[in-house]
Participant: 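Mind looking over this structure? Questions follow.
The structure presented is a predicted model; accordingly, all values stated were derived computationally and were not measured.
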Amino acid sequence: MNTTNGIQTSPLAANELVLTPDALIDALKISAPSGFVTVKGIAAEVKFWSRNGEDKVLKVYGRLVLGDASIRFELQPNAAIQDNAPVILYGALRIKKSETFRTTHEVILVGDVVGRWIPYEPVVVAPPTPLVRQQPRLSLEAAVAKHGLDAIAIFATGTAWNDLTTAANPLPVFAHCRRVETNFMKPEQFLSDLAEVCRDPAVQVLVIARGGGGGLEVIGDSPEVAAALLASKRPFYTALGHDDNVLLLDKHADRAFSTPSILGQMLAETIRSIAERQNLEERLSKSTQENASLTEQLTQANAKLELERRQLREPVGKYDTGDQPANKTHAPAPRPGADMRKYAIWGVLLLIVFVIGRCST
């Protein structure tokens with residue numbers, strides 16, 4: 001056993017046949033598919049062959065290339081073909097040894113041009129823009145209470161609109177809303193209608209409603225529509241399909257309702273709730289005003305009563321002119337009974353003195 005460059009080889013047997021390149025080519029068995037085939041590629045090296053001295057084309061030769069492989073072709077003289085044209089050929093394949101290098105074989109298609117094709121060019125797809133919400137989610141009740149029914153625009157099919165209005169009966173809720181008729185099967189039309197509606201500053205709330213059926217994902221799963229709704233900076237609510245449908249718009253909506261009917265019922269209940277709240281607020285405001293009035297009256301009555309009590313505790317003197325300070329102490333007025341007793345005492349004393357004087361004489 002011989003070793004050459006690390007490769008182990010066995011010695012040749014005395015009777016072993018050694019092939020030459022020519023013998024090796026003859027030993028190869030290459031066969032073409034039976035019948036006719038259809039092949040597409042880019043035409044190259046196209047030549048129109050005619051006899052010397054003649055203008056009439058007898059054959060058209062060339063090479064059909066696609067990727068790293070190619071085959072030669074032989075076409076009818078009237079074949080409409082030119083270099084770099086994407087063509088479809090139809091004919092029979094022949095395999096023969098190459099006339100230039102006997103170490104290769106060549107595949108030749110003999111037939112004619114039967115069509116054209118458009119080469120596939122890879123389209124560079126930009127990464128999708130992330131869907132980002134710029135404002136916090138707003139409940140349906142808060143949106144209606146803040147903006148009112150006149151500020152709602154509803155994108156709905158005919159069936160969805162009927163479901164909405166029927167579910168809200170008997171309240172005429174949707175008579176105040178703006179209905180937008182659009183095409184739920186054409187995103188470009190939907191986006192155009194959405195842009196037109198958002199140019200109106202009076203529209204502050206958006207609703208997208210459609211029943212179930214085929215093509216629901218055309219709008220419901222459209223990243224472009226979701227991005228446009230988020231970019232509008234308006235609260236939007238969805239009611240698309242049935243209970244088991246969860247679409248892209250549902251994930252980014254302020255709230256997603258299972259069906260248009262449920263949305264209609266919820267909107268009617270929201271209107272009732274807002275009306276009841278406003279009624280309670282009005283009653284509370286009225287009660288507050290009445291309470292304030294009663295409190296003022298009570299304060300005034302207490303002040304008047306306190307004044308009267310003070311006047312009873314501190315009576316005004318006989319000669320008080322009213323110009324003296326209220327806290328000045330007045331001397332009590334003399335009483336007539338006290339003067340009479342004083343005079344009586346003096347009289348008794350004089351009588352005693354007189355009696356004593358008479359007795360002494």
Side-chain angles (χ1 to χ4, degrees), residues 117-118 120-133 137-140 143-144 149 151-169 171-200 203-270:
W117 64 285
I118 299 177
Y120 172 74
E121 296 181 2
V123 178
V124 179
V125 180
T129 304
L131 300 174
V132 180
R133 170 175 288 276
R137 283 181 166 85
L138 190 67
S139 68
L140 180 62
V144 175
L149 293 174
I152 300 178
I154 302 177
F155 296 78
T157 59
T159 302
W161 182 261
N162 291 334
D163 292 343
L164 289 169
T165 54
T166 301
N169 190 52
L171 295 180
V173 175
F174 296 99
H176 303 277
C177 302
R178 175 177 175 180
R179 180 187 176 186
V180 182
E181 296 184 3
T182 186
N183 194 327
F184 276 77
M185 299 303 294
K186 294 182 178 180
E188 63 279 2
Q189 181 65 43
F190 188 95
L191 290 172
S192 176
D193 293 336
L194 177 62
E196 179 67 24
V197 168
C198 290
R199 279 192 282 267
D200 185 358
V203 175
Q204 293 297 322
V205 181
L206 303 174
V207 173
I208 298 90
R210 195 209 132 162
L216 187 64
E217 70 284 351
V218 174
I219 297 299
D221 280 335
S222 170
E224 293 78 12
V225 173
L229 288 169
L230 291 173
S232 71
K233 297 183 178 180
R234 291 169 169 83
F236 69 94
Y237 307 88
T238 59
L240 300 170
H242 303 295
D243 292 341
D244 56 348
N245 295 123
V246 180
L247 304 167
L248 181 64
L249 297 191
D250 297 331
K251 298 178 181 179
H252 294 279
D254 287 68
R255 181 176 175 183
F257 296 89
S258 301
T259 64
S261 296
I262 294 178
L263 174 57
Q265 295 172 2
M266 182 59 66
L267 193 54
E269 293 176 3
T270 297

Participant: Identify the heavy atoms of L206 and C198 that sit nearest to each other, and give their distance.
Facilitator: CD1-SG, 4.3 Å
Participant: Is the side chain of R137 donor-acceptor paired with the backbone N or O of A253 at a distance under 3.5 Å, no angle test?
Facilitator: yes
Participant: Under 3.5 Å, is there a donor-acceptor pair between the side chain of D221 and the main chain of L248?
Facilitator: yes
Participant: Would you give me the side-chain donor-acceptor pairs under 3.5 Å for residues 207-220, sequence neighbours excluded?
Facilitator:
residue : atom : partner : partner atom : Å
R210    : NH1  : G215    : O            : 3.4
R210    : NH2  : G214    : O            : 2.9

Participant: About how many Å separate CD of Q204 and OG of S232, when rounded to the nearest 0.5 Å?
Facilitator: 9.5 Å
Participant: Measuring only between side-chain heavy atoms, which start at C-beta, is L131 closer than 4.5 Å to K251?
Facilitator: no
Participant: Taking salt bridge (charged side-chain N to carboxylate O under 4.0 Å, His left out) as the test, write out the residues that go with R133, two or more places apart.
Facilitator: D254
Participant: With side chains defined as the heavy atoms from C-beta onward, is the minimum distance between I152 and V144 less than 4.5 Å?
Facilitator: yes
Participant: For L230 and H252, work out which heavy atoms get closest and say how close.
Facilitator: CD2-O, 4.0 Å
Participant: Tell me, with the steps shown, if L191 and E224 meet side chain to side chain contact (heavy atoms under 4.5 Å, CB included).
Facilitator: CA-CA 8 Å; L191 290 172; E224 293 78 12; 4.1 Å; yes
Participant: Could you give all pairs that pass the side chain to side chain donor-acceptor pair (under 3.5 Å) test and reach residues 154-164, with sequence neighbours left out?
Facilitator: none
Participant: Name the atoms and distances for all side-chain donor-acceptor pairs under 3.5 Å in residues 179-190, with sequence neighbours left out.
Facilitator:
residue : atom : partner : partner atom : Å
T182    : OG1  : D193    : OD2          : 2.7
N183    : OD1  : M185    : N            : 2.8
Q189    : NE2  : D193    : OD1          : 3.1
Q189    : NE2  : D193    : OD2          : 3.3

Participant: Could you pull out all donor-acceptor pairs under 3.5 Å where a side-chain atom in residues 255-268 meets a protein atom, sequence neighbours excluded?
Facilitator:
residue : atom : partner : partner atom : Å
T259    : OG1  : I262    : N            : 3.3

Participant: Between side-chain atoms of residues 237-245 and protein atoms elsewhere (two or more places apart, or another chain), which donor-acceptor pairs fall under 3.5 Å?
Facilitator:
residue : atom : partner : partner atom : Å
Y237    : OH   : L138    : O            : 2.8
Y237    : OH   : S139    : O            : 3.2
T238    : OG1  : D250    : OD1          : 2.7
N245    : OD1  : H242    : N            : 2.8

